[in-house]
Amino acid sequence: MNETTLDLKEMLKIIKKRYKLIRNVFLVFVILAVVISLIIPPTYEAVTNLRVKQPKGLGDSLLADLPVDSSAHTKQLMNTYAEILKGRTVMQEVIDQTQGDKEEVPTYEQFLKRITTEPVKDTEILKIKVTARSPEEAEWVANTLVNTFLERMTFLVRAEQSNVRAFIGQRLQESKQELEQSEEALQEYKTQQKIVDPAEETKAMLTKLSDIDKLAAQNKADLAAAQATFGVTQQQLNQEKSGFVADSPLIQQYKGKLADEEVQLVTLIANYTDKHPQVAATRAAIEATKVKLNTEIARVISADAPSMNPIHIGLVQGRIQAEAQIAAGAAQNQAINSIVSASERELGTLPVKEQGLMKVMRNASVNQEIYIMLAKRYEEARISEVMEPTEVQVIDVAIAPDKPIMPKKILNVLIAAICGLFVGTGWAFLKEYMHKTIRTAEDVQQYLDMPVMGSIPDFTIRDKRQRTGRWSRLAQLVQRKLPWGG
Amino acid sequence: MSQHYQLIVQQDAKSPIAEAYRTLRTNIQFAKIDGELKTLMFTSAGPGEGKSTTAANTAIALAQSGKKVIVVDCDLRKPVQHQIFNRSKRGVTNFLVEDLVVTNLIQDTGIENLRVLTSGPIPPNPSELLGAARMQELLEALQAQSDYLIIDVPPVVAVTDACVLASKVDGILLVLDSSAVHPPEMAQRAKELLTNANGHLLGVILNRVEIEEEHAYYYYYYGNEKKKKA
């Protein structure tokens, strides 16, 4: 027997010879796998899907259209949300809610192991998997987790919104007082001067001024809202880290352009009605510039701070937008003031009585306008405060799984079967080659250097082959009784 | 299989195994050796390799060729020849210890030309008994009465009995079980021991040689045919 060559026939012979060993190892592996699979307590997994939308502003970013950057951004956003979800604040609350009655309350680290977040490729879906000992628990924990996460998100977003609302609310209160005062003044003037209606001439002038007054009111409300946002974001940002300035020549340029356009609008409004094509065009231009400005801001922010969390990005963005609005609003305000002073000179031509009436009426109407605008803003702020954040939506609510994910019985048994087969065969070969034995005449020559006088075949094998079981024993008994000896 | 003794050469004379024993017989009869080859010792490296069965069957094969053969069971530790031939245990030790005539102890086996001297009761000191001068006497007395003397002894590596007798016999046959897991070192050790004891090793008898199935078919052809006729 040549030890270095291992031909197929030899291998088959060995396998045939060690068939029992291979079979036993195989069986032991399979039985072990079955037993272990039965012993291991089953683990259930509940799955829930979240859709993570890109925040407003970033969504219509010019760069969002570029596929590579967009997907990288989405990925980054998903990871951020996943981290918030797996953060200590959210987790601890889920533990308290769902694990509180357990004998052994898991720690944050232990609990974290049971939760897997995985972004679904090329989508905005974040898959959250929760494992537990029972299907009900898996479902419960998964849904509690998502709810807590959403609550946390809402909390983070609302903190900003409620500040804005409070600020506008304050302004609204002030404006209401002003309105009441001016209305009282108007009423008083009317009774004092015994005037009920203004003269025709005055009426025409009022109409002419009303548009610019309306614009002034809107300007005021806008400024108030922008200042509120600015104040809130600034305050929250200061709590985080300072020193982040997103400024670029392009932003500056857009800011200037926006201010110019706002001033232009004011001049146009002074002469034409809203329906005038030039007014409409200017308004459209303002909107376009705003969009561009926001886009640029978003780009600068996301480029400068790629790893920031979306809430922070939102704050920064809000602050810069507010800043731009304040700048534009201030420019507009000046323009409005100059027009108003020009028209006031015109008013000087009217009779004194009419002038006085005009003043109080305008005052009252401006204040009313401001009040209405602020009230509108206030409602808006209130709505957005109570609105659920829409960046994250629950696509699939977790349901109790039917079957446990662990232990995977069939897979385990299959692996064990394959392993058993390999180990058994390997063992058989190892045994065959480790335990060298003298089997053939060549072996005798090799090891002992002696001739083989005789080779007696194994008759026990033949016996086994020809007669087995009870019949063979019976035959042997009969044979022993036979008088073959003498 | 050490307990399942079969005198296959006698029971199934046309079986391939009987044929193998006859080949062995021929090899023994025509072995190249200085002087005559009358006393043959069958031993093995370890226990259970089938030396007693081989010795008995070889003895039958030699007897069938018309030679007078005596089987002597010198395995005074685990004797089996009396079981194989189903005869009384009285034998070698009785001769060595008591003052008896050897002829009275030799028993017929029922096979022509073949007689057996069984071991006798198991003594406390087998090695010493086998080395005694009386043993030499016994061998000489037996040699005088036969053409071939087949001696069954304990395994070489385990006990020294075989080595004690090694120089007193004409040839030694080492039975090796080829089916057992058998480290070659053990057989080499057996050879070394016997050579050192001045024994003349004739060669090896490979026992329980595996026959592959496809060969077995031809192997048993004649045997089966005979059975069908019978």
Side-chain angles (χ1 to χ4, degrees), chain A residues 1 3 7 9-21 427-428 430-467 472-473 475-486, chain B residues 1 4 6-8 10-12 15-17 19-28 31 50 53-54 57-58 85-86 108-112 173-188 190-191 201-213 216 219-220 223-224:
Chain A
M1 184 174 68
E3 285 180 338
D7 62 302
K9 235 177 163 180
E10 195 74 29
M11 281 168 74
L12 283 173
K13 220 170 105 183
I14 291 164
I15 289 170
K16 216 153 106 186
K17 191 174 152 192
R18 307 270 180 192
Y19 155 72
K20 272 190 182 169
L21 174 84
W427 193 348
L430 201 74
K431 228 174 151 178
E432 190 70 21
Y433 285 97
M434 288 303 283
H435 299 261
K436 274 184 255 165
T437 86
I438 298 175
R439 208 165 280 133
T440 60
E442 287 93 78
D443 296 345
V444 174
Q445 195 62 50
Q446 187 194 336
Y447 291 114
L448 299 172
D449 193 23
M450 283 203 294
V452 173
M453 299 292 284
S455 237
I456 315 297
D458 194 352
F459 51 79
T460 60
I461 289 177
R462 188 193 62 157
D463 262 16
K464 271 182 198 161
R465 268 181 205 149
Q466 289 190 341
R467 325 162 187 150
S472 117
R473 252 178 266 157
Q476 278 168 21
L477 272 171
V478 172
Q479 207 170 43
R480 264 178 220 160
K481 294 274 151 72
L482 282 174
W484 48 264
Chain B
M1 278 310 296
H4 186 65
Q6 280 191 55
L7 296 175
I8 190 118
Q10 177 66 19
Q11 285 171 37
D12 192 358
S15 72
I17 292 165
E19 197 54 55
Y21 277 111
R22 282 195 284 275
T23 311
L24 172 61
R25 175 188 71 193
T26 314
N27 287 345
I28 290 168
T53 319
T54 313
N57 278 304
T58 314
F85 288 102
N86 202 15
D108 276 332
T109 57
I111 299 161
E112 202 184 339
L173 285 157
L174 191 65
V175 179
L176 279 179
D177 183 353
S178 75
S179 72
V181 179
H182 200 300
E185 291 76 25
M186 208 159 151
Q188 282 165 343
K191 185 193 171 187
L201 270 162
L202 281 177
V204 171
I205 298 170
L206 276 177
N207 195 20
R208 293 176 201 149
V209 174
E210 212 176 305
I211 299 152
E212 282 167 54
E213 253 171 279
Y219 223 108
Y220 290 108
N224 288 345

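The chains referred to below are lettered A, B, ... by the order of the sequence lines, with proteins before strands, and numbering in each begins at 1.
Ranked by heavy-atom pairs under 4.5 Å with chain A, the list B:Leu24, B:Leu174, B:Thr23 is led by B:Leu24. Highest contact tally toward chain A, considering only B:Thr54, B:Val204, B:Thr26, B:Ile205, is held by B:Val204 [criterion: heavy-atom pairs under 4.5 Å].
Side-chain contact between B:Asn57 and B:Ile8: present, with at least one pair of heavy atoms (C-beta onward) separated by less than 4.5 Å.
In this structure, CG in B:Leu7 is found 8.5 Å from OG1 in B:Thr109, a value given to the nearest 0.5 Å. Note that the CG atom of B:Leu176 and the CZ atom of B:Arg208 stand 11.5 Å from one another [nearest 0.5 Å].
Judged purely by atom type and a 3.5 angstrom limit, B:Asp177 has no side-chain atom pairing as donor or acceptor with the backbone of B:Gly50.
Of the atoms belonging to A:Val452, heavy atoms from both backbone and side chain fall under 4.5 Å from chain B. Contacts of B:Ile28 with chain A are made by both backbone and side-chain atoms, with heavy-atom separations under 4.5 Å. Both the backbone and the side chain of A:Met453 come within less than 4.5 Å of a heavy atom in chain B.
Annotation for A:Gln445: atom CD counts as buried by contact number, over 12 foreign heavy atoms lying within 6.0 Å.
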